[in-house]
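Before any comments, here is the structure.
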Protein chains: 2
Amino acid sequence: MCFCHLTPLAVGTAGTHKETHERSPFFLVPPDRQVMSRASDRAYAAIRAHLLSGQVVAGEQLTEDQLAQITGVSRTPVREAVRRLENELLLVRSDTKRLFVADWSRDDIEELFTLRQMLECHAAERAARRLSREQIAALDSINRDLKAAVDGALPDVGRFLDANRAFHEVIIEAAGSPRLGQLLARLVEAPVVLRTARTYSQDDLRQSARDHDELVAAFAARDPEWARAVMGSHLRRAFHTFARAVGPAGTTDQAPPSDAKDA
Amino acid sequence: MCFCHLTPLAVGTAGTHKETHERSPFFLVPPDRQVMSRASDRAYAAIRAHLLSGQVVAGEQLTEDQLAQITGVSRTPVREAVRRLENELLLVRSDTKRLFVADWSRDDIEELFTLRQMLECHAAERAARRLSREQIAALDSINRDLKAAVDGALPDVGRFLDANRAFHEVIIEAAGSPRLGQLLARLVEAPVVLRTARTYSQDDLRQSARDHDELVAAFAARDPEWARAVMGSHLRRAFHTFARAVGPAGTTDQAPPSDAKDA
DNA sequence: GCGGTGGTTATTGTATACAAAACACGTCCG
DNA sequence: CGGACGTGTTTTGTATACAATAACCACCGC
């Protein structure tokens with residue numbers, strides 16, 4: 001399975017109660033490259049972290065002011081960050097432009113994984129033709145790390161997720177289709193947030209590692225059909241893992257129509 | 001072929017040279033529904049129309065100030081409109097956040113159509129299972145209009161494009177996959193802008209009508225595989241029509257690296 | 001009681017001023 | 001002559017004030 005792509009960047013300054021333009025504590029940034037210099041980027045990361053932290057209930061209403069306070073920047077960059085998160089389907093707007101934490105029904109999740117499977121199988125097929133020898137070696141190395149993370153008595157889920165994300169990113173990168181990458185970015189981020197309290201079974205994690213092994217084999221053999229097939233089963237299993245967590249039938253539904261009062 | 005989805009909404013107030021907060025001329029709006037009440041929507045439509053109008057060269061740099069003047073609103077809503085257009089791949093940003101009119105190489109176009117084919121074939125397949133009798137009738141009716149538009153001595157390309165867009169939208173709607181619709185919206189808008197001066201050959205238009213006829217037949221027969229196959233050839237032909245217009249090899253390339261000076 | 005109606009508050013949308021960054025270009029020093 | 005460097009200019013980014021809209025709620029007439 002594949003609960004990939006956890007938060008790509010940790011948040012820098014969260015929770016400073018905005019005291020009129022306080023200069024953000026960025027002494028000693030890595031001198032070569034000013035990381036996260038834009039307030040909208042910081043806001044994006046902070047809001048995302050906030051959503052992932054589990055302090056937020058799916059379907060809950062958020063206001064831009066709230067988020068501005070949480071992130072410590074003004075509403076202008078918050079609005080920009082919110083737009084990005086809307087695109088990634090982590091936030092949704094009601095018909096009257098009020099903002100809610102996205103809530104995913106089982107059907108929504110299935111739809112998402114179906115689309116993701118379609119696109120990422122395509123990516124795997126293309127990657128099988130185009131991966132350089134070095135990239136294949138890199139995949140193998142990443143997957144060794146992934147296996148190390150899950151082989152111990154108690155698996156290191158965070159490290160697993162990082163390695164998993166890196167693995168899939170190499171494939172998408174190698175597919176050489178920038179628009180495909182953009183589309184997938186949008187689909188991949190959403191399910192991560194879902195049920196953050198969920199604990200991954202070690203069996204799931206190890207099966208994922210085996211899938212990745214087989215993908216590497218398919219790539220090494222330069223067999224696009226094989227790669228596509230493995231990726232397909234890999235992602236389909238991911239769907240069932242998620243679906244198991246959320247329940248059998250249509251459980252929760254989209255946020256905006258429902259009122260946030262009873263959340 | 002399928003050069004669908006022309007500009008969905010005409011612009012309301014374009015070109016008023018922003019004279020410090022002049023109240024927008026919205027006396028006598030349709031009383032039931034305030035259309036385009038948001039400045040950012042007007043800006044979006046205006047910029048889009050501007051791009052489609054052919055007054056703009058692919059690869060050219062744009063500034064937010066410029067666009068604010070063109071649209072008659074301040075930079076804030078312009079920025080929001082620009083974000084939308086970036087998502088639809090009509091505008092791109094350089095690595096230093098400068099804004100350019102997207103420029104599409106032949107390879108870019110092929111990539112785009114490949115992705116679109118993948119997604120829209122899926123939509124057709126699903127639609128074949130889910131279209132109501134009324135929707136199939138609607139498709140037939142739309143396509144009759146489309147044929148009427150192209151059967152005359154000189155075809156009405158605008159009407160053709162409208163009908164074509166409506167046709168594909170019914171299918172996507174019937175596929176019952178909102179995220180799929182969002183993804184496609186993003187892919188479909190981009191190529192429209194390309195080479196707006198292009199004239200469509202009547203043969204192309206008529207072949208398109210025949211494709212649509214066959215799609216309706218596949219839907220009526222409730223044959224998902226047939227629908228998928230027809231949609232596939234329909235879109236692949238569209239690609240070649242576009243590719244023919246832009247030239248054989250890698251002609252133009254992405255904008256941001258190149259300087260706009262020689263444009 | 002019930003549905004509408006007014007005012008009140010909460011929330012989003014827009015304009016504007018200013019800050020930060022990127023760019024263009026001329027200068028200086030090697 | 002060439003490349004680092006500064007400086008003025010352009011362009012994007014952010015904060016803030018205010019406007020417009022939607023939600024809320026209490027009131028009233030029926």
Side-chain angles (χ1 to χ4, degrees), chain A residues 12-13 16-24 26 29 33-44 46 60-86 91-101 256-261, chain B residues 12-13 16-24 26 29 33-44 46 60-86 91-100 256-262:
Chain A
T13 70
T16 72
H17 265 201
K18 103 159 162 184
E19 286 162 33
T20 316
H21 222 182
E22 116 193 61
R23 194 162 285 287
S24 5
F26 271 125
V29 297
R33 181 76 75 173
Q34 177 90 330
V35 282
M36 302 287 280
S37 72
R38 283 216 230 352
S40 63
D41 290 341
R42 293 199 306 275
Y44 169 80
E60 180 181 344
Q61 181 174 1
L62 300 173
T63 69
E64 295 173 355
D65 255 327
Q66 245 177 67
L67 295 174
Q69 289 191 344
I70 289 171
T71 59
V73 302
S74 84
R75 272 181 54 219
T76 309
V78 164
R79 290 183 115 242
E80 220 161 294
V82 162
R83 282 298 250 256
R84 281 171 70 183
L85 292 162
E86 280 180 75
L91 297 177
V92 293
R93 271 183 195 280
S94 74
D95 48 357
T96 64
K97 309 296 181 185
R98 268 154 173 75
L99 197 64
F100 297 88
V101 181
S258 83
D259 208 325
K261 203 178 296 176
Chain B
T13 67
T16 73
H17 263 199
K18 105 157 163 185
E19 287 163 33
T20 316
H21 223 183
E22 112 194 62
R23 194 162 285 288
S24 1
F26 270 125
V29 297
R33 181 77 75 173
Q34 178 90 328
V35 283
M36 302 289 277
S37 70
R38 283 216 229 354
S40 64
D41 289 341
R42 295 200 305 275
Y44 170 80
E60 180 181 344
Q61 180 174 1
L62 299 174
T63 70
E64 296 173 356
D65 255 326
Q66 247 177 67
L67 295 174
Q69 289 191 345
I70 290 172
T71 59
V73 301
S74 85
R75 271 180 55 216
T76 308
V78 164
R79 288 182 119 244
E80 221 164 290
V82 162
R83 284 295 252 246
R84 282 171 69 183
L85 292 162
E86 279 180 77
L91 297 176
V92 293
R93 271 184 196 279
S94 75
D95 48 357
T96 64
K97 309 296 181 187
R98 266 151 175 77
L99 195 65
F100 297 87
S258 83
D259 209 325
K261 205 179 295 177
D262 48 2

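Any value given below was found using the heavy atoms of this structure, including those in side chains, with hydrogens, waters and symmetry copies removed. Below, read A as the first sequence line, B as the second, and so on, with proteins coming before strands; counting in each chain starts at 1.
- The distance from atom CZ of B:Arg38 to atom P of D:dA19 is 19 Å, rounded to the nearest whole Å.
- Residue contacts shown for B:Leu62 are limited to sugar-phosphate atoms, with no base heavy atom under 4.0 Å away.
- Distance B:Lys97 NZ to D:dG13 P: 7 Å, rounded to the nearest Å.
- With hydrogens and angles ignored, the 3.5 Å screen pairs no side-chain donor or acceptor of B:Arg98 with any backbone N or O of B:Arg93.
- For the atom pair NZ of B:Lys97 and CZ of A:Arg38, the computed distance is 4.5 Å after rounding to the nearest 0.5 Å.
- Applying the 4.0 Å criterion to OP1 and OP2 of C:dT11, one finds that A:Arg98 has every side-chain N and O outside that range.
- Atom CG of B:Leu67 sits about 7.5 Å away from atom CG of B:Leu91, to the nearest 0.5 Å.
- Protein atom CD of A:Glu64 is 15 Å distant from nucleotide atom P of D:dT14, rounded to whole Å.
- Note: CZ (A:Arg79) to P (D:dT16) measures 16 Å, nearest angstrom.
- When the C1' atom of C:dA19 is taken as reference, atom CZ of B:Arg75 falls 12 Å away, rounded to whole Å.
- Per the geometry, CD belonging to B:Gln69 stands 13 Å off P belonging to D:dT10, to the nearest Å.
- For B:Thr63, counting side-chain heavy atoms from C-beta on, the closest listed nucleotide (C:dT14, D:dT12, D:dT14) is D:dT12.
- The distance between atom CD of A:Gln61 and atom C1' of D:dA23, rounded to the nearest whole Å, is 9 Å.
- Remark: P of C:dT12 and CG of B:Asp41 are 16 Å apart, rounded to the nearest angstrom.
- Residue B:Thr96 has no polar side-chain atom (N or O) positioned under 4.0 Å from OP1 or OP2 of C:dA21.
- Annotation: of the two residues near DNA chain C, A:Thr76 and A:Leu99, the 5′-most nearest-nucleotide partner is A:Leu99.
- Between A:Arg83 and A:Glu64 there is no salt bridge, since none of the side-chain N atoms of the basic residue sits less than 4.0 Å from a carboxylate O of the acidic one.
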